[in-house]
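Proteins come first, then strands; the chains are lettered A, B, ... in the order of their sequence lines, and each starts at number 1.
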There are 2 protein chains.
Amino acid sequence: MTEGAITGSMSTGWVRGSRPPTLDQVAELAGVSRATVSRVINGAPTVDSKIRATVENAIAEIGYVPNLAARSLVTRRTDSVALVISESDVRASGAGFLNQVFTDPYFGRITAGAQEVLRRNGIHLVIIPADAAAQQQVVGYLRQGHVDGVLLISSHHTDPLPQQVSGLAIPVVISARPAHRIPASYVDIDQGLGASLAAEHLYARGARRLATITGPLDTAAGHDRLDGFRKTLATHGIADVPYVESDFTRAGGEDAARDLLAGHPDLDGLFVANDLMASGALQVLQDLGRRVPDDVAVVGFDDSSAALACRPLLTTIRQPVEEMAGEMARLLLAHIREPDRLPRSVIFQPTLVVRQSA
Amino acid sequence: MTEGAITGSMSTGWVRGSRPPTLDQVAELAGVSRATVSRVINGAPTVDSKIRATVENAIAEIGYVPNLAARSLVTRRTDSVALVISESDVRASGAGFLNQVFTDPYFGRITAGAQEVLRRNGIHLVIIPADAAAQQQVVGYLRQGHVDGVLLISSHHTDPLPQQVSGLAIPVVISARPAHRIPASYVDIDQGLGASLAAEHLYARGARRLATITGPLDTAAGHDRLDGFRKTLATHGIADVPYVESDFTRAGGEDAARDLLAGHPDLDGLFVANDLMASGALQVLQDLGRRVPDDVAVVGFDDSSAALACRPLLTTIRQPVEEMAGEMARLLLAHIREPDRLPRSVIFQPTLVVRQSA
DNA sequence: CTGAAAGCGCTTACAG
DNA sequence: CTGAAAGCGCTTACAG
């Protein structure tokens, strides 16, 4: 690697390192009190329009920006919230965890949905990945008061973060029903219904030798989707449903599909607990010479962008992730506004989206 | 969707909505002055060990956490920095942009590399996606002083953010050489060298009918990789190198590969400007019955996790993204500590990683 | 090594 | 509608 020096000067009016302009300086320049400047900045209606104009000019001329620390010291607000993506599983820690986060469209949808409503309310969103090694540092960040609230994405039953964060002084909304009963609002989807939809569709197509690739079984999405799939098939007299537990990644889906086909080469119906794993499974089926859906019909879960990247297009269970994240944001905003508000849960319903793979 | 009420009580000592304990309360309980408590908290060496113990007990008993706003009002530090992922292209705005970010392993590697050095220094990292619609809100966030510095990921020549952010009072380190000469530190890779490595390897393998799939040509990574590829082949007497411009996504790579093969069915060597597009191209080549590398040899760029997910395994140009991000973090820390430090650039060298596809 | 006091830059009752 | 003043919760010279 090589280094070079870069020259040039700042383009701002005041030099980096010197102090930024304060409200007092604006007041002096405009010839009014600090209180008046403060009112103008905060849009108080009770300000004479001429004075308002004078103050606004002074603000522009001087390049004034309110100091967040000073402001939030008195208002006790920062106008920003954190989206914490938690992963308590140490096996998936560090770079591996970040690779998973930045490779799964699910998190992008969550972010998009939350952004949408937050932005409209003038609230900033910051994303904080919290793998096992970073969890305590993240809790520290939240306790210090950097943000007004937290949207917590957590999936493993053993994850201590929901418990810890809900014990903080700051409002939190969780992305799924917490494993332990804690007094926090959460948004979830009816996992069992989704799995049931998949089972019924595969059965109705005529599939009888069914199997499933699950997510980690210590997550609700992993466990409940397997459970719902089996229970529904049981009502049709199909008792034994082979499954392989995997990890919600594409590569994991490939491995699981290979395992499954090795043990059950005559499969004709496959339910995969998310689209990313399904895309991997589809690849393996193709490599092994199986036609989809003719030889084996495949149903995914999520209806993410990965479903549309599949060949054939993936039939899947739609989870309205963006709306769910939007609802999380709305709940959080409500809790921030009314600290005494009681926690509540909001459960969304999944739907079947039929495309080509089943 | 259905709603439910959740009951339960808080597990903390003090109730949400009431005020958190202050340093004064700790001082009173410990029977010392606020200054002493402050010194204990900040690890000042000049504190009697008995007094220190007393204070620490009081802190623990009362569950005291320093108030960030009050602290940073005087220290002018927040001990956190932002990783801003900027996308000025309005076509890729909103949900599309977030889907791209959370689908490309590149950003996970950047985050991992930066986290590594930041965490060691006790600095928090928050990630902020900034698509065209959000850029001004993000600039506002940075100006207010939420963070001590910013790591800026920006690629389009027309992106106004590098310019704007470097005009702020806060230190910034950019992920690539800025299009316009602005006084900010940046870290980059020798793009031309990378492309040259790819060209030489394909040529040495015997490929003579070469083509390339580029990134957006208004980015350095898009433009310089195309340019370097062509220039190197020109030295071997290969003048006309067909190319298709794409967008660094997997789906974009698929489309581009289809276009390229339609116009040039006799291709025997392909350089794809990143691994994600290469994985899509590989898929298309397979669909069209081309054997890789026998019929057409393929070289990617990045050496990301996508390269290892390819069949055959992708030969690619390794970009040490984690180290580059680590260097960005180190530079930023230095600028935060010494505000007068001069900007500098650090350029890394790519290497060829030979696997199966070429 | 410890404490009293000033000050960081805002907002917000409270008067007028 | 506007201003003087108190106060938010810390840190840090300055004395001692």
Side-chain angles (χ1 to χ4, degrees), chain A residues 14 17-56 58-59 62-80 140 143-146 148 169-170, chain B residues 14 17-56 58-59 62-80 140 143-146 148 169-170:
Chain A
W14 54 280
S18 77
R19 297 215 162 166
T22 68
L23 188 147
D24 282 85
Q25 294 171 35
V26 176
E28 188 173 15
L29 181 59
V32 298
S33 73
R34 309 151 47 169
T36 298
V37 177
S38 179
R39 288 188 191 104
V40 169
I41 286 162
N42 294 298
T46 66
V47 178
D48 180 88
S49 60
K50 295 194 169 183
I51 294 191
R52 178 186 304 280
T54 313
V55 171
E56 279 166 351
I59 289 173
I62 215 172
Y64 171 72
V65 179
N67 177 306
L68 171 78
R71 167 182 277 178
S72 76
L73 178 56
V74 19
T75 61
R76 297 175 179 283
R77 301 241 351 218
T78 63
D79 289 331
S80 63
R143 298 186 71 185
Q144 281 177 78
H146 281 92
D148 298 332
I170 173 183
Chain B
W14 55 281
S18 76
R19 298 214 161 166
T22 69
L23 188 148
D24 282 87
Q25 294 172 35
V26 176
E28 188 174 15
L29 181 59
V32 298
S33 73
R34 308 150 49 168
T36 298
V37 177
S38 179
R39 289 187 191 103
V40 170
I41 286 163
N42 294 297
T46 66
V47 179
D48 181 90
S49 60
K50 293 195 170 183
I51 294 192
R52 178 186 303 280
T54 313
V55 171
E56 279 166 351
I59 289 173
I62 215 173
Y64 170 72
V65 179
N67 177 307
L68 171 78
R71 165 181 279 179
S72 74
L73 177 57
V74 19
T75 61
R76 298 176 179 282
R77 302 241 352 217
T78 63
D79 289 332
S80 62
R143 297 186 71 185
Q144 283 177 77
H146 281 91
D148 298 334
I170 172 182

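Among all heavy-atom pairs drawn from B:D148 and B:I170, the shortest one is O-CG1, 3.5 Å.
With a cut-off of 3.5 Å on both pairing distances, the Watson-Crick or G-U wobble partner of D:dG16 is C:dC1.
OP1 or OP2 of D:dT11 sits under 4.0 Å from a side-chain N or O of B:S38. Put simply, A:T36 has a side-chain N or O that comes within less than 4.0 Å of OP1 or OP2 on D:dG3. Checking the phosphate oxygens (OP1, OP2) of C:dT11, no side-chain nitrogen or oxygen of A:T75 falls inside 4.0 Å. Within the 4.0 Å cut-off from OP1 or OP2 of D:dC8, not a single side-chain nitrogen or oxygen of B:N67 is found. One finds no side-chain N or O of B:S33 lying less than 4.0 angstrom from the OP1 or OP2 phosphate oxygen of C:dT2.
Rounded to a whole Å, the CZ atom of A:R77 is 19 Å from the C1' atom of C:dG9. When rounded to the nearest whole Å, the span between CZ of A:R52 and C1' of D:dC1 equals 11 Å. We find that CG of B:D48 is positioned 11 Å from P of C:dG3, with the value rounded to whole Å. Note: CG (B:L73) to P (C:dT11) measures 12 Å, nearest angstrom. Rounded to whole angstrom, the span from the CD1 atom of A:I41 across to the C1' atom of C:dT11 amounts to 11 Å. When the C1' atom of D:dT11 is taken as reference, atom CG of B:L23 falls 9 Å away, rounded to whole Å.
Counting heavy atoms of neighbouring residues, nucleotides and ligands inside a 6.0 Å radius, atom CD of A:E28 does not exceed 12 of them.
Checked by distance alone, B:R76 brings no side-chain donor or acceptor within 3.5 Å of a matching partner on the base of C:dG9.
Looking at the side chain of B:T22, the nearest of the listed nucleotides C:dT2, D:dG9, C:dT11 is D:dG9. Residue B:V74 places its side chain closer to C:dC8 than to any other of C:dC8, D:dG7, C:dT2. Checking D:dT11, C:dT11, C:dC1 against the side-chain heavy atoms of B:T46 singles out C:dC1 as nearest.
Judged by distance alone, with hydrogens and angles left aside, the side-chain atoms of A:N42 form no donor-acceptor pair with the main-chain N or O of A:A44 at under 3.5 Å.
Put simply, the side chain of A:S38 reaches to within 4.5 Å of the side chain of A:L23, judged on heavy atoms.
Rounding to the nearest 0.5 Å gives a distance of 12.5 Å between CG of B:L29 and CG of B:D24.
Annotation: of the two residues near DNA chain C, A:R39 and A:D24, the 5′-most nearest-nucleotide partner is A:D24.
Among the heavy atoms of the strands, none lies under 4.0 Å from B:L68.
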